[in-house]
Amino acid sequence: KDIILPKFLFWMCTLIKKELLRNSGKTSFDFISGKKVKEISIPIPKIDKQKEILKKIEQKLGIINRYKTVIHENNQSIIDLANKVWGFKD
């Protein structure tokens, strides 16, 4: 029986990255021992709640991606306008 959805696990890992790094050992690369990982408490909601959370995350990511597109288009418009004003060619 699944107790955690893979996408939910991905997002949980993304969110707890700071905690993992805080507990990691420092050498030429960060590492964390199995013992320390076992000490970290990760709440795992029921599957229905995980799906609800994932749906909200995906909605927010959609909004972010639309804004990124708008920002990119406006940045390009500003560059094109500046090039035109100063007589630069692409």
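Hydrogens, waters and symmetry mates play no part in the numbers below; they use all other heavy atoms, side chains included.
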Treating Ile, Leu, Val, Met, Phe, Trp and Tyr as nodes and any side-chain heavy-atom pair under 4.5 angstrom as an edge, say whether Ile63 and Leu61 lie in one connected cluster.
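In one cluster: no.
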
Does Leu81 belong to the same Ile/Leu/Val/Met/Phe/Trp/Tyr cluster as Trp86, with side-chain heavy atoms less than 4.5 Å apart forming each link?
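Same cluster: Leu81 reaches Trp86 through Ile, Leu, Val, Met, Phe, Trp or Tyr contacts under 4.5 Å.
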
Could you tell me the separation between the [atom1] atom of [X] and the [atom2] atom of [Y], rounded to the nearest 0.5 Å?
| X | Y | atom1 | atom2 | answer |
| --- | --- | --- | --- | --- |
| Ile16 | Leu9 | CD1 | CG | 8.0 Å |
| Thr14 | Lys17 | OG1 | NZ | 8.0 Å |
| Ile64 | Thr69 | CD1 | OG1 | 12.0 Å |
| Asn83 | Ile78 | CG | CD1 | 12.0 Å |

Charged N-O contact under 4.0 Å between Glu52 and Lys49:
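Salt bridge between Glu52 and Lys49, a charged N being under 4.0 Å from a carboxylate O: yes.
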
Beyond-backbone contact of His72 with Asn75, side-chain heavy atoms, under 4.5 angstrom:
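No; the side chains remain at least 4.5 Å from each other.
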
Do Val70 and Asn74 make a side-chain contact, defined as non-hydrogen atoms from C-beta onward lying under 4.5 Å apart?
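Touching, per the 4.5 Å side-chain cut-off.
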
Verify, without hydrogens or angle tests, whether Gln50 (side chain) and Phe8 (backbone) share a donor-acceptor contact under 3.5 angstrom.
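No; judged by distance alone, with no hydrogens or angles, the pair does not exist.
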
Do you know the tightest heavy-atom contact between Ile3 and Ile44?
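Looking at all heavy atoms of both residues, the shortest contact is O-CG2, 3.3 Å.
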
